[in-house]
Amino acid sequence: MFTAALWLCVGGLFAAPPAQAAASPVRAERAGGGGGGGAYAESGGCAGRLARTLPIATGEVRVYKTHTQACAVAVARVPGERRGMAVSIQPRGGAPIRDIGRFTRYAGPVTVGAIGRCVYVKGSVGAGSADSGWILC
């Protein structure tokens with residue numbers, strides 16, 4: 001009896017409820033659905049205030065900042081067809097975190113801990129690209 005209960009508990013730890021994947025506005029937006037996620041969806045899933053926008057001819061890279069983290073997302077100017085997109089954010093003294101692929105709306109979000117650290121952000125949408133240099137110092 002105890003063994004069966006233990007296996008049920010362990011199985012529950014590894015199985016994610018299917019309702020969680022559909023409930024996330026980021027996943028709905030990423031999958032191409034609308035869903036009206038409000039400010040959270042507009043930010044591409046990044047928390048905090050908009051700290052910097054890096055313009056690209058084919059879109060923009062948005063950088064958000066909270067007290068403890070920095071987050072970046074690359075957004076297409078005209079969503080629709082799949083195109084190569086990438087975004088990366090690197091804290092000074094740390095390794096870059098990247099999201100690279102073929103997306104319809106945006107790449108990211110990518111988040112790093114940035115308490116008292118500068119970050120370097122790069123992004124591309126199609127043929128256009130931008131980088132920030134060291135910012136948020």
Side-chain angles (χ1 to χ4, degrees):
M1 179 74 174
F2 177 73
T3 306
L6 181 61
W7 280 110
L8 286 174
C9 289
V10 170
L13 290 175
F14 294 111
Q20 281 184 322
S24 171
V26 173
R27 290 188 183 137
E29 188 78 13
R30 189 78 177 243
Y40 187 76
E42 284 180 17
S43 68
C46 288
R49 66 176 175 82
L50 181 62
R52 187 75 51 98
T53 301
L54 308 173
I56 304 173
T58 52
E60 62 188 17
V61 178
R62 299 176 188 160
V63 183
Y64 294 84
K65 179 81 170 102
T66 67
H67 293 293
T68 59
Q69 294 183 327
C71 180
V73 61
V75 182
R77 183 175 308 278
V78 180
E81 64 187 51
R82 290 195 178 274
R83 70 200 89 180
M85 298 176 76
V87 64
S88 72
I89 187 168
Q90 177 181 1
R92 192 181 292 266
I97 306 298
R98 300 180 180 99
D99 187 22
I100 302 169
R102 295 183 59 78
F103 305 114
T104 58
R105 296 178 185 231
Y106 59 86
V110 288
T111 304
V112 295
I115 298 175
R117 293 164 66 174
C118 305
V119 295
Y120 195 96
V121 178
K122 295 180 189 178
S124 65
V125 176
S129 65
D131 66 272
S132 66
W134 293 105
I135 59 172
L136 307 181
C137 298

Which pair of non-hydrogen atoms, one from Pro109 and one from Cys46, has the smallest distance, and what is that distance?
CB-SG, 3.6 Å

Go through the steps for Arg77 and Thr58 under the test side-chain contact (heavy atoms from CB on, under 4.5 Å), then give the verdict.
CA-CA 6 Å; Arg77 183 175 308 278; Thr58 52; 5.7 Å; no

Hey, any chance Ile135 and Ile89 share a hydrophobic cluster, counting ILVMFWY side chains that come within less than 4.5 Å of each other, even indirectly?
yes

Crowding at NZ, Lys122 (>12 non-hydrogen neighbours, <6.0 Å):
no

Atom pair OG1 (Thr68) and CD1 (Ile115), whose distance is rounded to the nearest 0.5 Å
5.5 Å

Ignoring hydrogens, what is the shortest heavy-atom contact between Arg92 and Trp134? Give both atom names and the distance.
NH2-CG, 3.1 Å

Is there a side-chain contact between Val87 and Tyr106, using heavy atoms and a 4.5 Å cut-off?
no

Where the side chain of Arg82 meets the backbone of Arg102, is there a donor-acceptor pair that is under 3.5 Å apart?
yes

Nearest heavy atoms of Ala70 and Val119, plus distance in Å:
CB-CG1, 4.0 Å

On a heavy-atom basis, the closest approach of Lys65 and His67 is NZ-O, 4.0 Å

Minimum heavy-atom separation for Gly113 and Pro91, please, with both atom names.
O-CB, 4.0 Å

Could you tell me which non-hydrogen atom of Arg105 sits nearest to which non-hydrogen atom of Pro79, and how far apart they are?
CG-CB, 3.7 Å

At what distance, to the nearest 0.5 angstrom, does CG of Asp99 lie from OG1 of Thr111?
10.5 Å

Test side chain to side chain contact (heavy atoms under 4.5 Å, CB included) applied to Arg98 - qualifying residues, sequence neighbours left out
Ser88, Pro96, Ile100

Could you go through Ile56 and Val61, starting from their C-alpha distance and side-chain angles, then the distance that decides it, and tell me whether this counts as side-chain contact (heavy atoms from CB on, under 4.5 Å)?
CA-CA 8 Å; Ile56 304 173; Val61 178; 3.7 Å; yes

Just by distance, do the side chain of Arg83 and the backbone of Glu81 share a donor-acceptor pair under 3.5 Å?
yes

Does Ile97 belong to the same Ile/Leu/Val/Met/Phe/Trp/Tyr cluster as Leu54, with side-chain heavy atoms less than 4.5 Å apart forming each link?
yes

